[in-house]
Amino acid sequence: MAQISLTFPDGNARSFDAGVTPAQVAADISTSLAKKAISATVNGQHWDLQWPIDTDSTIALHTLKDDAQANELIRHDLAHIMARAVQELWPDTKVTIGPVIKDGWYYDFDRAEPFTPEDLGVIEKKMRDIINKREPVTTEVWDRQRAIDFYTNNNEPYKVELIDAIPGDEPLRMYWHGDWQDLCRGPHLQHTGQVPGDSFKLMSIAGAYWRGDSDRAMLQRIYGVAFTGKEKLKQHLNMLEEAAKRDHRKLGKEMGLFHMQEEAPGQIFWHPNGWRIYTLLQDYIRRQQDRGGYVEVNTPQVVDRKLWEKSGHWDKYQENMFIVEVDEDHAREKAVNALKPMNCPCHVQVFNQGLKSYRDLPLRMAEFGSCARYEPSGALHGIMRVRGFTQDDGHIFCAEDQIEAETALFIDFLSKIYADLGFTDWTIKLSTRPEKRIGSDETWDHMEKALGEACRAAGHDYELLEGEGAFYGPKLEFTLTDAIGRTWQCGTIQVDANLPERLDASFIGQDGNKHRPVMLHRAVLGSFERFIGILIEEHAGKLPFWLAPRQVVVASITSDADAYVNEVVETLRAQGIRAEADIRNEKINYKVREHSLGKVPVILAVGHREVEERTVSVRRLGDKRTSVQSLEDVTKTLATEATPPDLL
RNA sequence: GCUGCUGUAGCUCAGAGGUAGAGCACUCCCUUGGUAAGGGAGAGGUCGAGAGUUCAAUUCUCUCCAGCAGCACCA
């Protein structure tokens, strides 16, 4: 038999018969390793212990201690074990797919009866039974027809469809957990007992479309989380609990920032504290835009459908627009209008006033543009996905050869703002030409390259989303993460050669001829609403001092201090600090507790001592210590802290 | 929009086929207390909306509305 050479991580190489499996290699090293091994990495590829190795290779054996591989296998095996448990419990259930995801896995089932939350416990128990049986995991390679026949006979149409979708005619791999079979690429563990039975949990049931297609069957998806040990599971569940406390919807209520109600779904009633954050943020962004060479405009809310027809939005997004019809009795002529779902067409109208020269470009036009979109009911989410929102919108009208420079400038602009607002952890995605698109391939080549290069020039990596671009041009998306790890697109910059064409924007070039400008749609925050939601979650409500809606509460300890409390408040306010008095007939403990829960960054307590010494007792949010300082010092310190970072 | 779940006092929630309860918040009284809840009293609800079943519905059924989780969507 032919020999092959396997090189281990320590650099040693040994010779084995060709076709040796990692399981045999492990057994050859020691019986304990043979027991503990879960998989191998062979030539950089995650490899099942049962798969033969036919050529000279590098090999590393894994145990449960190798988190990356262990998690993948545990989660993947649990997906199979769960599917088996479900089919044993409810044999009429059809199986589909069950991939590994962050922290766990899910599996989609087709079953007439809905799963109930109680079912999760039943399934979990069944899964533990399967794990305890320590049943072997085996694998075979089947030819396609055999697989198709098998699933056809077993009435598993989804599996048949999956096989049909696998390109080529290469043979297919099958896995068995005990005698339960699933089509699967692998790798898997050696037996079900290798899954730690105490380190997983079924989390939730939800609907999901077969193959992600809303025209197809709605399946039932069960989500689970799994880790290599009980402690890690506990940590994860703990983290989720903590994250729930940072939910902007919860904090928004607790801090009195805003509310929403049935009569205006997807729209926000901003309360004084929330609106304070909003206006502070807006003031800040406006200063940045002024510095960044933008001109600010404001355009109509209600615009005749004719403009939307011209821009193409009427065709494509009519169902998602708020249509406004004016009663004929009261209007001179009947017109159909729409609340603007976006600002771009209006900005082109402003651009189109008067002849523009190449000397006017790049023209950076900004608007805090209030938009209304009739978002599908299921898409609404707190203040992050709403029907009425305001974008920090902007359109840069420029020549094609200015795209890259303007994009680079924008990335720099955005990075500074995100840093000022406390975000360091954000990602860029570059979405490229979709199948259905307008414009020549050369133009697309140029536009995509410009965006990508600008990114790299600014020192940022990006994730490539092929085919995800808009039909009119590629885009960069700047993504932030919320409390529980969901990602949200906030900033964006998109190249658009389409709208200037449709709305006939032009400028006179150096050659004296008319040219089409390119439009760069761009936003830093995306929308104030979404961004404030993220901001609240990122800071767990403890906003940076300059953005905190309530900065200082001056609390009396005895009523004898009331007059001095008011004096302190006035002194602070004179320095532009948002200070308020709390001279209620309550104990200082009570006041401290209440304002701490309200996320007030600084509590100044004053009693007899402070009145006499003209001092205040300073207590910072999240810190139990207090320090007595002179009113003068505190005022100075807080005034500095209250200054927005761009004005320091 | 789809699947599932939820909707009771300002908030967080309990409850049962016979028109409702707790804690906190609120109002008043007592208390002037030194850094995360002092004590007492009071007020507060068409039980999301509409229809049906029933002697009787907030409770059961249906429809609608809104919210939550996920999916789909996101110009």
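Residue numbering restarts at 1 for every chain, and letters A, B, ... go by the order of the sequence lines.
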Identify which nucleotide among [options] has an atom closest to any side-chain atom of [X], counting heavy atoms from C-beta outward.
| X | options | answer |
| --- | --- | --- |
| A:Tyr590 | B:rG7, B:rC11, B:rA37 | B:rA37 |
| A:Arg221 | B:rC71, B:rC74, B:rG34 | B:rC71 |
| A:Arg530 | B:rC74, B:rA72, B:rA69 | B:rC74 |
| A:His313 | B:rA36, B:rA75, B:rC2 | B:rA75 |
| A:Ala605 | B:rA66, B:rU35, B:rA72 | B:rU35 |
| A:Thr558 | B:rA37, B:rA66, B:rU32 | B:rU32 |
| A:Ser617 | B:rG70, B:rA37, B:rG34 | B:rG34 |

Can you check the distance between B:rA37 and B:rC24, where both ends of the measurement are the P atom (answer in whole Å)?
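Between the two P atoms, the distance is 13 Å.
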Could you measure between the two C1' atoms, the one in B:rA16 and the one in B:rA25, and give it in whole Å?
27 Å
Please work out if [X] contacts a base, only the sugar-phosphate, or nothing of the nucleic acid, heavy-atom cut-off 4.0 Å.
| X | answer |
| --- | --- |
| A:Ala470 | nothing |
| A:Gly598 | nothing |
| A:Gly212 | sugar-phosphate |
| A:Glu468 | nothing |
| A:Met342 | sugar-phosphate |
| A:Asn320 | base |
| A:Phe115 | nothing |
| A:Arg619 | base |

Rounded to the Å, how far apart are [X] [atom1] and [N] [atom2]?
| X | N | atom1 | atom2 | value |
| --- | --- | --- | --- | --- |
| A:Glu594 | B:rA37 | CD | C1' | 10 Å |
| A:Tyr223 | B:rC5 | OH | P | 17 Å |
| A:Leu499 | B:rA75 | CG | P | 14 Å |
| A:Arg502 | B:rA75 | CZ | C1' | 12 Å |
| A:His595 | B:rA37 | NE2 | P | 14 Å |
| A:Glu263 | B:rA49 | CD | P | 12 Å |
| A:Ile588 | B:rA37 | CD1 | P | 12 Å |
| A:Asn589 | B:rG34 | CG | C1' | 8 Å |

At less than 4.0 Å, is any side-chain N or O atom of [X] found next to OP1 or OP2 of [N]? Yes or no.
| X | N | result |
| --- | --- | --- |
| A:Arg249 | B:rC68 | yes |
| A:Arg486 | B:rG70 | yes |
| A:His259 | B:rC11 | no |
| A:Arg216 | B:rC2 | no |
| A:Lys591 | B:rA37 | no |
| A:Tyr107 | B:rG70 | no |

Hunt down the Watson-Crick or G-U wobble partner of [N], both distances under 3.5 Å, from any strand shown, or write none.
| N | answer |
| --- | --- |
| B:rG44 | none |
| B:rC71 | B:rG1 |
| B:rG7 | B:rC65 |

Going by heavy atoms in the side chains, are A:Val495 and A:Thr407 under 4.5 Å from each other?
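Sidechains of A:Thr407 and A:Val495: no contact.
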Would a 4.5 Å heavy-atom cut-off, applied to side chains only, mark A:Trp210 and A:Met218 as touching?
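Answer no - side chains too far apart.
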Has [X] got its NZ or CZ under 6.0 Å from the middle of the six-membered ring of [Y], at an angle within 45 degrees of the ring axis?
| X | Y | answer |
| --- | --- | --- |
| A:Arg111 | A:Phe115 | yes |
| A:Arg522 | A:Phe410 | no |
| A:Arg530 | A:Phe389 | no |
| A:Arg433 | A:Phe471 | no |

Does this structure show an ion pair linking A:Arg578 with A:Glu580, if we count only N-O contacts that are shorter than 4.0 Å?
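Salt bridge absent between A:Arg578 and A:Glu580.
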Taking the six-membered ring for Trp and the single ring otherwise, decide whether the centroids of A:His259 and A:Phe269 are under 6.0 Å apart.
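Centroid distance A:His259-A:Phe269: below 6.0 Å, so yes.
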Hey, is A:Tyr317 stacking on B:rA75? Ring centres under 5.5 Å, planes under 30°.
yes
